[in-house]
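Heads up, the thing below is written out as structure tokens.
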There are 2 protein chains.
Amino acid sequence: MSDVSKLAGVSKMTVSRVLADPALVSEETRQKVMKAIEKLGYVPDRIAGSLSSRRTNFITAILPTLTNSNFADSAQGLANALRAADYQLLIGYTMYDLQEEERVIRTMMERRPDAIVVAGTVHTKMASEVLMRAGIPIVEIWDVPEHPIDHAVGFSNYEVGRNAAKYLISLGFKRIGALGSRADGDVKDWRGESRLLGFGAALREAGIADDLIIREGSAPVSYDHGAKTLGSLLAKAPDVEGIFAVSDISAVGALMECHRRGIHVPDQVSILGFGDFDIGRQCYPAISTIRVDAQMIGRKAGELLLSILEAEKGADVPEGARVDVGFELIVRETTKRLGG
Amino acid sequence: MSDVSKLAGVSKMTVSRVLADPALVSEETRQKVMKAIEKLGYVPDRIAGSLSSRRTNFITAILPTLTNSNFADSAQGLANALRAADYQLLIGYTMYDLQEEERVIRTMMERRPDAIVVAGTVHTKMASEVLMRAGIPIVEIWDVPEHPIDHAVGFSNYEVGRNAAKYLISLGFKRIGALGSRADGDVKDWRGESRLLGFGAALREAGIADDLIIREGSAPVSYDHGAKTLGSLLAKAPDVEGIFAVSDISAVGALMECHRRGIHVPDQVSILGFGDFDIGRQCYPAISTIRVDAQMIGRKAGELLLSILEAEKGADVPEGARVDVGFELIVRETTKRLGG
DNA sequence: CTGAAAGCGCTTACAG
DNA sequence: CTGAAAGCGCTTACAG
């Protein structure tokens, strides 16, 4: 930068202004500076700029994994929303492990992000404290808790579970089960667990036994997980009529296992998934599922942050926003009314 | 940090040492410093550290999209390899657009990454120059060109195409086609195009016409793309016997379209995909494909970079490394010998 | 519209 | 094993 200022015959301050807010500089000076920048191939150093201005234009996104198309969609939605405003995403993975999440959050704090987006509303005590004291906007995504740390953009996983149960009940079933992952230990899909909790509650409300909710294996869930948990469920209740899987991935695995065992879906058993993954749409029979607009979650989180970070002084800024993007039941071919 | 040094009654330099290399500090001093850090909840500022040390521990990864499980796997493999060494990934998306790639590369340079990983070996002239002059290690992934900008980790897409053709020829087919995306304009999947080029070359070598290579629509490819290009191919050659799709996604789309048209796969036509996506493995009939270890590409790129960046002074460092991870033909149910 | 001074919070390079 | 000084490359906050 000082090279540029020398070549252009102006002060460093003027070069800085040309880059930050060209309107502040006279047309003539600007031209000189631009020419010098061009000639020297000068690339401004944002690290130095960040240190000086106390703004990094980094936004941290903490996700369980990127190998899940839903979270990848949210990341992409977030990145798209932020791109125009020149923010750079700092992505961290937790592998559904709360200890790892805490570690990632701590590491990320050293990079001084301007805001943090984190998937999930359950954190270690330490992690929650770090986030609360961070002094920057925090957006929890993929759920909408009563009392978010700061902001939240998502939907109620509990209600998803309740709706799943209600739908299966409406189909006339009495023997209803679910396929999920283990709910103990650090590595745990809390959102999936919320769905199972809501599912069980709705079952009980309807006077139906909730003893067929299988929790086996650990997140992230796989096709194999679906196949195995289906086996466990069948061993327990060969007469099960309707099944809710916490993820389409498990649902597809369960469906394939049904094929192998000669159990017809949906004539003998109905299967409902979650997530509306491509594979559920394309497989045969196509999986009935509950859809969430993952990309929209990312986009809305991004827009919320921009409205806060880019607010003019004095403008009023949303406080403790809770955005519920909802969800949608998509009935396809794996669910069917009893005797229908 | 100066708060910490005051509380601990030492200089800032000593605090810095405790954090960077505790072995340099006496046990007693270290304890005092650690206690002060704990008490104040001090979180070191890596932005300042980066400016001072001229190392950011950022590594930039530039990918077409994260919504493709192959690239997501590579990103995760890269992140896993770098995590232990305390590097943070800076991920950028190009949406298969070379102009956008150039823009992303320029923006990323302002963050002063210690190295850059970029998917693909075709760049705008400007982008190539920026990368060459960057003065940091560059790893191009997902192909292995004769002359990489710096390093390369991938496989030969051209050879993938050749092998696809050879395999279909070995099945006894004479009428052989392919499904790809448009090869003109800025938005373009160059790796897919390489596969088609190799495919056509092998066809010609065997004395088979290469006029059934369809290039329609733009990357990223979709199920719909597979269905539509299959339609075009069939319109041109109703008697086509073997088809190679540049991606499993297209292959699945083509397979579904065959179902709809009452064309039996593989009895009437064989379909070979690329990428070994989950969906190809799970759909019925399961897609024959060519598999690449995407996660390994990311991991090897990460390990290569670590060996360079973490090298002791004087240690010899790989120069212009070209790592070919190869690929693997996986025969499943959508390909079958003529009359077999 | 332009500039000189100070400082952001660290690490480098010495010195002892 | 410990510390004082200088500086990384910008922006902030004044001043004119």
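Convention: sequence-line order gives letters A, B, ...; per-chain numbering from 1.
No donor-acceptor pair under 3.5 Å is formed between the side chain of A:R55 and the backbone N or O of A:D114. When atom types are taken as modelled, the side chain of A:D73 and the backbone of A:Q295 share no donor-acceptor pair closer than 3.5 angstrom.
Rounded to an integer number of Å, the gap from A:E28 CD to C:dT2 P is 8 Å. Put simply, CD1 on A:I47 is 13 Å from C1' on C:dG9, counting in whole angstrom units. The distance from atom CG of B:D3 to atom C1' of C:dC10 is 14 Å, rounded to the nearest whole Å. B:D45 places its CG atom 7 Å from the C1' atom of C:dC10, with the value rounded to the nearest Å. Following rounding to the nearest Å, A:R112 (CZ) and D:dC10 (C1') show an atom-to-atom distance of 17 Å. Note: CD (A:E110) to C1' (C:dG9) measures 13 Å, nearest angstrom. The distance from atom CG of A:L51 to atom C1' of D:dC10 is 8 Å, rounded to the nearest whole Å.
Both the sub-6.0 Å distance and the 45° axial angle are satisfied by A:R111 relative to the ring of B:F58.
One finds a side-chain N or O of B:T29 lying less than 4.0 angstrom from the OP1 or OP2 phosphate oxygen of D:dT2. Of the side-chain N and O atoms in A:R54, one or more sit less than 4.0 angstrom from OP1 or OP2 of C:dG9.
Contact check for A:I116 versus A:V139: no side-chain heavy atoms found under the 4.5 Å cut-off.
Nearest-nucleotide mapping onto DNA chain D: of B:V25 and A:R46, the residue sitting toward the 5' end is B:V25.
No donor-acceptor contact under 3.5 angstrom links the side chains of B:T121 and B:W190, judged on distance only. Side-chain contact check for A:S2 and A:S5: no donor-acceptor pair (N or O, by modelled atom type) lies under 3.5 Å. In summary, the side chains of A:T67 and B:Q76 do present a donor paired with an acceptor at a separation below 3.5 Å, with no hydrogens or angles considered.
Residue A:S26 has its side chain nearest to C:dC1 when only C:dC8, C:dC1, C:dG3 are considered.
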Base-pair map of DNA chain D as dot-bracket, where | denotes pairing with a different strand and pairs are Watson-Crick or G-U under 3.5 Å:
|||.||||||||.|||
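A salt bridge links A:E27 with A:R30: the closest approach of a Lys/Arg side-chain nitrogen to an acidic carboxylate oxygen falls below 4.0 angstrom.
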Do any N or O atoms of the protein come closer than 3.5 Å to N or O atoms of nucleotides 11-13 of chain D, and which pairs are they?
unit_1 : atom_1 : unit_2 : atom_2 : d
D:dT11 : OP2    : A:S16  : OG     : 2.2
D:dT11 : O4'    : A:S52  : OG     : 2.4
D:dT11 : N1     : A:S52  : OG     : 3.4
D:dT11 : O2     : A:S52  : OG     : 3.4

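The nearest pair of heavy atoms linking A:L89 to A:A79 is CD2-CB, 3.9 Å.
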